[in-house]
Protein chains: 2
Amino acid sequence: MKIGEAADASGVSAKMIRYYESIGLIDAPPRSASGYRHYREDDIHMLLFIRRGRELGFSMAQLRTLTSLWRDKSRASADVKRLANAHIETLNERIASLQAMADTLKTLARQCHGDARPDCPILDAFAAHNGQK
Amino acid sequence: MKIGEAADASGVSAKMIRYYESIGLIDAPPRSASGYRHYREDDIHMLLFIRRGRELGFSMAQLRTLTSLWRDKSRASADVKRLANAHIETLNERIASLQAMADTLKTLARQCHGDARPDCPILDAFAAHNGQK
DNA sequence: ATCAACCTTACCACCATGGCAAGGTCAAGC
DNA sequence: GCTTGACCTTGCCATGGTGGTAAGGTTGAT
């Protein structure tokens with residue numbers, strides 16, 4: 001299978017497949033005489049694995065660990081679970097941070113009459129250099 | 001006030017102050033004879049304004065609009081409110097996306113016994129190339 | 001033989017930020 | 001006046017993942 005087909009089959013762009021190879025996340029596949037990369041089923045599975053990990057928000061560094069755990073048939077599931085829990089923690093922090101932003105903005109937006117007049121609590125809050133907020 | 005003091009006073013690093021100037025987000029301040037940037041109170045307020053906007057997750061492009069609204073004493077508060085609401089919407093989308101990731105992972109982690117055994121529903125889900133998920 | 005669709009590598013760009021380097025400036029202490 | 005240290009200047013590199021683009025080679029079908 002050439003890289004374009006592998007990209008279609010895995011949902012990972014050809015560009016990214018080459019990138020993953022360049023950073024050592026996936027193995028370099030065999031090449032045809034003319035230099036074309038050639039992929040097999042297992043490689044597609046790996047790409048799908050990586051794509052799903054990325055879709056769940058794992059970083060490349062974490063994917064590196066996850067793929068090695070995946071390859072390691074004698075891994076301890078505790079290791080995987082630990083990584084997953086750490087990532088859940090990170091996600092929760094990011095959610096809380098975004099939620100706090102949204103809450104603040106919602107409060108401000110509610111106080112803004114939103115008409116043609118120029119006075120605006122949102123801008124006031126941004127500009128506050130006294131203890132207003 | 002020199003840039004270091006402006007950085008301390010505003011919470012925006014000197015590096016970022018120069019960057020904001022380079023992209024035209026803030027005006028270039030007057031320079032001393034030897035080339036040092038010199039800031040006044042109003043410049044600090046602007047930097048604080050920008051910092052608060054960034055802390056609420058607005059993009060640089062949005063900050064550009066917000067600062068121009070701030071400067072425009074005859075703005076309509078509706079314009080500010082519209083921008084804020086659009087950003088709240090974006091934040092909500094990002095939150096929902098992260099929440100979906102976290103929920104999926106939580107479900108998988110709950111199913112993983114997390115001990116020394118190698119079988120792991122998390123990896124299984126990542127690897128699924130049939131309709132398992 | 002030609003043409004389109006593919007492949008290859010090697011760059012540039014993003015966005016906001018930090019770091020580092022090489023050199024100029026200023027103020028305080030001697 | 002000289003040294004020293006803290007500051008300032010510009011400029012370049014790196015991040016992380018991804019897309020784009022360019023210049024050229026390969027393949028397969030007509």
Side-chain angles (χ1 to χ4, degrees), chain A residues 1-26 28-40 43-44 46-67 87 90-91 94 97-98 101, chain B residues 1-26 28-40 43-44 46-67 87 90-91 94 97-98 101:
Chain A
M1 217 192 305
K2 286 187 291 186
I3 199 169
E5 299 166 88
D8 289 347
S10 66
V12 178
S13 73
K15 197 80 189 247
M16 280 302 101
I17 296 175
R18 294 193 195 97
Y19 173 66
Y20 292 159
E21 178 188 328
S22 80
I23 64 171
L25 183 60
I26 59 177
R31 305 277 191 123
S32 73
S34 53
Y36 285 20
R37 289 171 180 80
H38 190 260
Y39 297 93
R40 276 159 311 137
D43 301 317
I44 307 306
M46 174 62 90
L47 289 171
L48 281 167
F49 181 95
I50 291 168
R51 180 162 76 89
R52 296 207 175 87
R54 294 290 298 148
E55 284 171 357
L56 287 177
F58 285 95
S59 69
M60 301 302 291
Q62 288 172 315
L63 254 301
R64 216 176 275 273
T65 305
L66 282 170
T67 53
H87 184 44
T90 302
L91 288 173
R94 279 155 59 183
S97 165
L98 293 178
M101 294 180 196
Chain B
M1 219 191 300
K2 287 187 291 186
I3 198 168
E5 299 165 89
D8 289 347
S10 67
V12 178
S13 73
K15 197 79 190 244
M16 280 302 102
I17 296 176
R18 294 192 196 98
Y19 173 67
Y20 292 160
E21 179 188 329
S22 81
I23 64 172
L25 183 60
I26 59 176
R31 304 278 190 123
S32 73
S34 53
Y36 285 19
R37 290 172 179 80
H38 191 260
Y39 298 92
R40 277 160 311 137
D43 301 317
I44 307 305
M46 174 62 91
L47 289 170
L48 281 166
F49 181 96
I50 292 168
R51 179 163 77 89
R52 295 210 175 86
R54 294 291 299 147
E55 283 171 357
L56 287 177
F58 284 95
S59 68
M60 300 302 290
Q62 287 172 315
L63 254 301
R64 215 176 275 273
T65 305
L66 282 170
T67 53
H87 184 44
T90 303
L91 288 173
R94 280 156 59 185
S97 166
L98 293 178
M101 294 180 196

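Just so we're on the same page: letters track the sequence lines, and every chain starts at 1.
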Checklist outcome for this item: Letter by letter from the 5' end, nucleotides 24-30 of chain D scores (B base, S sugar-phosphate only, - none; protein heavy atoms under 4.0 Å) -BBS---

Checklist entry - Rounded to the nearest Å, what distance is computed from the CG atom of residue A/Leu25 to the P atom of nucleotide D/dG16? => result 13 Å

Checklist entry - Heavy atoms, side chains only, cut-off 4.5 Å: are A/Tyr20 and A/Val12 in contact? => result yes

Checklist entry - Between D/dT10 and B/Arg31, is there an OP1 or OP2 to side-chain N/O distance shorter than 4.0 Å? => result yes

Checklist entry - What does A/Arg37 touch in the nucleic acid at a heavy-atom separation under 4.0 angstrom: a base, only the sugar-phosphate, or nothing? => result sugar-phosphate

Next on the checklist: Testing the basics here: between A/Met101 and B/Leu91, what is the closest heavy-atom pair and its distance to 0.1 Å?
Outcome noted: CB-CD1, 3.8 Å

Next on the checklist: What is the separation between atom CD1 on B/Ile3 and atom P on C/dC26, rounded to the nearest whole Å?
Outcome noted: 16 Å

Close N/O contacts between protein and nucleotides 13-17 of chain C (under 3.5 Å):
from: C/dA16; atom 1: OP1; to: B/Met60; atom 2: N; distance (Å): 3.1
from: C/dA16; atom 1: O3'; to: B/Arg54; atom 2: NH2; distance (Å): 3.3
from: C/dT17; atom 1: OP2; to: B/Tyr20; atom 2: OH; distance (Å): 3.0

Item to check | Non-hydrogen atoms of B/Ile44 and B/Ala9 that approach each other most closely | outcome: CG2-CB, 4.0 Å

Next on the checklist: Whether the side chain of A/His87 engages the backbone of A/Gln62 through a donor-acceptor N/O pair (distance < 3.5 Å, no angle test) should be reported.
Outcome noted: no

Checklist entry - At their closest point, which heavy atom of B/Arg64 faces which heavy atom of B/Ile23, and how far apart are they? => result NH1-O, 3.0 Å

Item to check | Gap between atoms NE2 and C1', on B/His38 and C/dC26 respectively (whole Å) | outcome: 14 Å

Checklist outcome for this item: When rounded to whole Å, the CZ to C1' distance for the pair A/Arg18 and D/dG19 reads 13 Å

Checklist entry - Would you find a donor on one side and an acceptor on the other, under 3.5 Å apart, between the side chain of A/His38 and the backbone of A/Met1? => result yes

Checklist outcome for this item: Rounded to whole Å, CD of B/Glu21 lies from P of D/dT10 at a distance of 8 Å

Item to check | Steps toward side-chain contact (heavy atoms from CB on, under 4.5 Å) verdict (B/Thr67, B/Ile50) | outcome: CA-CA 8 Å; B/Thr67 53; B/Ile50 292 168; 3.9 Å; yes

Checklist outcome for this item: d(B/Arg51 CZ, B/Leu56 CG) to nearest 0.5 Å is 11.0 Å

Checklist entry - To the nearest Å, how far apart are A/Gln62 CD and D/dG16 C1'? => result 14 Å

Checklist entry - How many angstroms lie between CE in A/Met16 and OG in A/Ser22, if you round to the nearest 0.5 Å? => result 8.5 Å

